[in-house]
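Have a look at the structure below, then the notes.
These numbers come from a predicted model, not from an experiment.
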Amino acid sequence: MRLAPHGAAGPGRPLIAGLALVTVVGLLVGCGAAGPPRPGTTTLTVFGAASLGPALQALGTAYMTSSAVEIVVSTGSSTTLRTQIEQGAQPDVFLSADLANPEALIAAGLVDGPLVRFAGNQLAVVVPADNPGHLQQPIDLGRPGVRVVAAADGVPITAHASRLLAQLSTLPGAPADLAARYDANVVSREESVAAVLAKIELAEGDAAVVYASDASGSTKVTNLAIPAGRNVTASYGGVVPFGAANPVAARAFLTWLVGPEGQRVLLEFGFSLPQ
């Protein structure tokens, strides 16, 4: 498992001037920086949603063991990653935290092969471990004075959170304008769900909507239970963009990802089966 240089599209990929930099997760165990590919090793460059970061480390290790294919990962907002591909970046695989971003690439004729649904992810309402805002239930996201940290417009979690708020607004005692109250409470908007979670972990906000996989991997936040039947499941989709250096190997990786071993790893990290 190697990590791409910060903001890079990976080995042999063009860099796009003026694009927002992608956050690169430290996935290389036991080494401070990425080295050159090992002789005889096939390397796949994967653009992955920020919420996949920890899982991609384990997925890359497992895949390397079974296939001798090395995965180089860059993570960031799915929308930012899609924009980089639209402007010329050429990863082998794009793994998005929604279906809308890969479908946009398909509509633009920038994808080689079909969309692959590879995971689901429910949402979670989280507060810092000591709950400084004294929230008791998810509808408290709309209570006056609560400092909400949210993602920027266009980041997939933003649309998923809107769906959740619509569901929560139907609960007994919930205000019909819960979504508007939530928006009024937003104190910052971040570029990825990973950045949203980090702010809650640092108690720089009272609450946020994140993915269940993020919440389950953090010891610094507490979940507010979402009532049965009101949660939302995000569907994650993967595609092979045109220009991929290794399209056959890329499609093989997507096939493995939806197979028993890939799904086992994703389930371990709090994801659910594809929907």
Side-chain angles (χ1 to χ4, degrees), residues 1-25 27-28 33-53 55-57 59-60 63-64 67-119 154-156 191-192 235-259 262 274:
M1 170 70 72
R2 298 190 301 121
L3 61 146
H6 188 70
R13 310 300 201 270
L15 297 180
I16 309 302
L19 285 179
L21 291 179
V22 177
T23 300
V24 180
V25 292
L27 300 185
L28 183 61
R38 287 174 287 184
T41 299
T42 298
T43 300
L44 288 181
T45 300
V46 175
F47 277 11
S51 55
L52 287 166
L56 278 173
Q57 178 177 358
L59 288 165
Y63 195 60
M64 180 70 183
S67 68
V69 173
E70 191 169 13
I71 306 296
V72 180
V73 176
S74 291
T75 64
S77 161
S78 298
T79 303
T80 298
L81 297 173
R82 185 207 79 212
T83 300
Q84 289 203 343
I85 293 168
E86 289 172 338
Q87 298 191 17
Q90 295 175 343
D92 294 299
V93 178
F94 172 45
L95 302 178
S96 181
D98 64 0
L99 303 181
N101 279 297
E103 285 173 345
L105 294 178
I106 292 171
L110 297 176
V111 167
D112 182 4
L115 170 67
V116 176
R117 298 184 184 217
F118 66 90
V155 178
E191 290 303 311
S192 71
S235 292
Y236 282 51
V239 291
V240 177
F242 275 124
N246 298 296
V248 174
R251 284 189 284 273
F253 173 68
L254 283 176
T255 298
W256 176 87
L257 197 59
V258 298

Next item on the list: Search all heavy atoms of L52 against all heavy atoms of F118 and return the closest pair with its distance.
Entry: CD1-CZ, 3.9 Å
Note to self: Please find the pair of heavy atoms, one from P274 and one from R117, that lie closest to each other, and give the distance.
What the structure shows: CB-O, 3.4 Å
Notebook entry, point to check: What's the shortest heavy-atom distance between L254 and V240, and which atoms?
Noted result: CD1-CG2, 3.8 Å
Item checked: Pairwise distance CZ(R251) to CG(D112) - rounded to 0.5 angstrom -> 4.5 Å
Notebook entry, point to check: Are V239 and V116 side-chain neighbours, meaning at least one heavy-atom pair lies under 4.5 Å?
Noted result: no
Note to self: With side chain to side chain contact (heavy atoms under 4.5 Å, CB included) as the criterion, how do F94 and R82 come out once you've worked through the C-alpha distance, each side chain's angles and the decisive distance to 0.1 Å?
What the structure shows: CA-CA 8 Å; F94 172 45; R82 185 207 79 212; 4.2 Å; yes
Next item on the list: Grab the two heavy atoms, one from F253 and one from L44, that are nearest each other, plus how far apart they are.
Entry: CB-CD1, 3.8 Å
Note to self: Can you tell me how far apart OG (S96) and OH (Y236) are? Round to the nearest 0.5 Å.
What the structure shows: 8.5 Å
Notebook entry, point to check: Shortest non-hydrogen contact from V155 to S77?
Noted result: CG2-OG, 3.8 Å
Check: Can you tell me how far the CG atom of L95 sits from the CG atom of N101, to the nearest 0.5 Å?
Finding: 12.5 Å
Notebook entry, point to check: Got a donor-acceptor contact below 3.5 angstrom from the T80 side chain to the G76 backbone?
Noted result: no
Next item on the list: Please assess T42 against N246 for the test side chain to side chain contact (heavy atoms under 4.5 Å, CB included), listing each intermediate value before the final yes or no.
Entry: CA-CA 8 Å; T42 298; N246 298 296; 4.1 Å; yes
Checklist line | 4.5 Å side-chain heavy-atom contact, P241 and P91 | finding: yes
Item checked: Rounded distance (nearest 0.5 Å) linking atom OG1 of T43 with atom CE of M64 -> 8.0 Å
Note to self: Contact between L257 and Y63 at the side-chain level, heavy atoms closer than 4.5 Å - yes or no?
What the structure shows: no
Next item on the list: Considering non-hydrogen atoms only, spot the tightest contact between T79 and P156 and give its length.
Entry: OG1-CD, 4.0 Å
Item checked: L56 and I71: CA distance, side-chain angles, deciding distance, side chain to side chain contact (heavy atoms under 4.5 Å, CB included) verdict -> CA-CA 9 Å; L56 278 173; I71 306 296; 5.7 Å; no
Notebook entry, point to check: For the side chain of D92 and the backbone of T45, is there at least one donor-acceptor N/O pair under 3.5 Å apart?
Noted result: yes
Next item on the list: Just do the side chain to side chain contact (heavy atoms under 4.5 Å, CB included) check on F47 and S78 with the steps written out, would you?
Entry: CA-CA 8 Å; F47 277 11; S78 298; over 6 Å; no
